[in-house]
Amino acid sequence: IMGFLKKLFEKKDCEICGGEIGLLGNTKLADGDMCKDCKAKLSPLFRVKAETTVADILQQIAYREENAKALEAFNPDEEFGASDKICVDTAAKEFVYARNGDWKENAADVIDFAQVTGVDTDEEEEMMYFDHEDEESGETSTSEIRVVHFHVTIHVDSPYFETIEVCLSEGEAPTPDGDDADTAKFNEFKRQMNRIKELLGA
């Protein structure tokens, strides 16, 4: 146990920047260690794997520095999604995946249309049930509604990530079976899904 604790608390240096790594800030690489500050520089779409090397990280950080310049010039004119968004600059033929809709704060990756190798779409149906209590009789009845979730998976040719998955209707409950407002919401998400496929479909 003492040996384990000694190893746990021993000083480690980041192989990327050379700085000292705090107790809870270490990410193990195949051939070294990385601090949390360097990890924060990586793509939000990237996941460190057991085989990820120091060279891989250095290469990606160089790419991310170039991406920051591209992000400054990014000017989207179409946006899709209720929460997480796909934002598209149709003139430049580029797009980003914006977690929580904020592509600047999250330093999103600027992806060229030419990098897209395919777009998959899916309409996932779910039945939702609601209980209603009659104020006069106190009796409870249950109604059901068909909700459709609009999923888009974009396949990308990149050394750092392969797919981008987004549920366009996250946080919403679009249904084709409700009133005019419900139907309009359903049709809008369906339009967005089809428009993404039209723009990016390889």
Side-chain angles (χ1 to χ4, degrees), residues 42-47 67-68 70-158 160-202:
L42 305 179
S43 165
L45 293 168
F46 176 72
R47 297 292 177 268
N67 184 78
L71 201 60
E72 289 181 6
F74 183 70
N75 185 30
D77 55 319
E78 294 194 48
E79 294 187 353
F80 309 99
S83 179
D84 295 344
K85 296 180 181 293
I86 298 295
C87 305
V88 181
D89 183 337
T90 56
K93 295 188 182 304
E94 296 173 335
F95 75 96
V96 299
Y97 165 69
R99 185 169 290 133
N100 297 321
D102 194 337
W103 50 271
K104 291 183 179 179
E105 181 67 25
N106 293 319
D109 294 88
V110 179
I111 303 167
D112 194 276
F113 283 11
Q115 291 177 255
V116 178
T117 60
V119 178
D120 297 327
T121 58
D122 179 56
E123 297 180 31
E124 177 192 6
E125 292 192 2
E126 176 188 8
M127 297 304 299
M128 299 185 69
Y129 300 90
F130 302 91
D131 290 333
H132 308 275
E133 183 176 336
D134 186 275
E135 293 183 359
E136 294 185 3
S137 66
E139 294 182 355
T140 300
S141 61
T142 301
S143 61
E144 62 180 31
I145 188 169
R146 178 170 57 110
V147 170
V148 179
H149 306 286
F150 292 89
H151 298 280
V152 175
T153 301
I154 305 170
H155 301 275
V156 179
D157 180 13
S158 166
Y160 311 113
F161 45 86
E162 297 178 350
T163 58
I164 299 169
E165 298 181 7
V166 59
C167 178
L168 298 176
S169 52
E170 184 71 33
E172 300 286 342
T175 175
D177 303 327
D179 56 22
D180 289 346
D182 290 329
T183 304
K185 181 185 292 186
F186 171 87
N187 289 335
E188 171 58 17
F189 283 120
K190 191 175 185 70
R191 182 200 69 80
Q192 290 185 21
M193 184 181 70
N194 291 333
R195 178 60 174 160
I196 291 174
K197 184 120 184 177
E198 176 187 352
L199 286 169
L200 306 182

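Positions are given from 1, in the same order as the sequence printed here.
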Inset, instruction - Not counting sequence neighbours, which residues clear ring-ring contact (aromatic ring centres under 6.0 Å, His included) with Phe161? List them please. - result: none

Legend entry - Which residues share a side-chain contact (heavy atoms from CB on, under 4.5 Å) with Asp102, sequence neighbours left out: Lys104, Glu105, Asn106

Legend entry - Atom pair OH/OG of Tyr160 and Ser43 - distance to nearest 0.5 Å: 9.5 Å

Legend entry - From CG (Leu168) to CD (Glu170), nearest 0.5 Å: 10.5 Å

Legend entry - Glu124: side-chain hydrogen bond (donor to acceptor under 3.5 Å, both in side chains) partners, not counting sequence neighbours: His151

Inset, instruction - Determine which pairs satisfy ring pair (Phe, Tyr, Trp, His ring centres under 6.0 Å) with at least one residue from residues 75-97, sequence neighbours left out, and list them in order. - result: none

Inset, instruction - Could you pull out all residues at least two apart from Thr121 that satisfy side-chain hydrogen bond (donor to acceptor under 3.5 Å, both in side chains)? - result: none

Legend entry - Nearest heavy-atom neighbours spanning Cys87 and Ala98: SG-CB, 4.1 Å

Legend entry - ring-ring contact (aromatic ring centres under 6.0 Å, His included) partners of Phe74, counting only residues at least two apart: Trp103

Legend entry - side-chain contact (heavy atoms from CB on, under 4.5 Å) involving Thr163 - partner list, sequence neighbours excluded: Thr153, His155, Glu165

Legend entry - Qualifying salt bridge (Lys or Arg N to Asp or Glu O under 4.0 Å) pairs, either residue in residues 180-190, two or more places apart: Glu123-Lys190, Glu172-Lys185, Glu188-Arg191

Inset, instruction - Find out whether Cys167 and Phe150 are in side-chain contact, i.e. whether some heavy atom of one side chain is under 4.5 Å from a heavy atom of the other. - result: no

Legend entry - Inter-residue atom distance Thr175.OG1 - Glu144.CD, 0.5 Å rounding: 10.5 Å

Inset, instruction - Give a yes or no on whether the backbone of Ala108 and the side-chain of Asn67 come within a donor-acceptor separation of less than 3.5 Å. - result: yes

Legend entry - Evaluation steps, side chain to side chain contact (heavy atoms under 4.5 Å, CB included), between Val152 and Ile86: CA-CA 10 Å; Val152 175; Ile86 298 295; 5.9 Å; no

Inset, instruction - Please check if atom CD in Glu162 has more than 12 non-hydrogen atoms from other residues, nucleotides or ligands closer than 6.0 Å. - result: no

Inset, instruction - Quick one: do Leu71 and Val96 satisfy side chain to side chain contact (heavy atoms under 4.5 Å, CB included)? Show the steps, please. - result: CA-CA 9 Å; Leu71 201 60; Val96 299; 4.3 Å; yes

Inset, instruction - May I have all residue pairs that pass salt bridge (Lys or Arg N to Asp or Glu O under 4.0 Å) and include part of residues 75-101, sequence neighbours excluded? - result: Glu78-Arg195

Legend entry - Heavy-atom pair with the smallest gap, counting every atom of Gln192 and Gly81: OE1-N, 2.7 Å

Legend entry - Counterpart residues, side-chain contact (heavy atoms from CB on, under 4.5 Å), relative to Glu125 (two or more places apart): Arg146, Val148

Legend entry - Check: Asp157/Thr117 side-chain N/O donor and acceptor closer than 3.5 Å: no

Legend entry - With sequence neighbours excluded, residues passing side-chain contact (heavy atoms from CB on, under 4.5 Å) with Gln115: Ile111, Asp112, Val156, Ser158

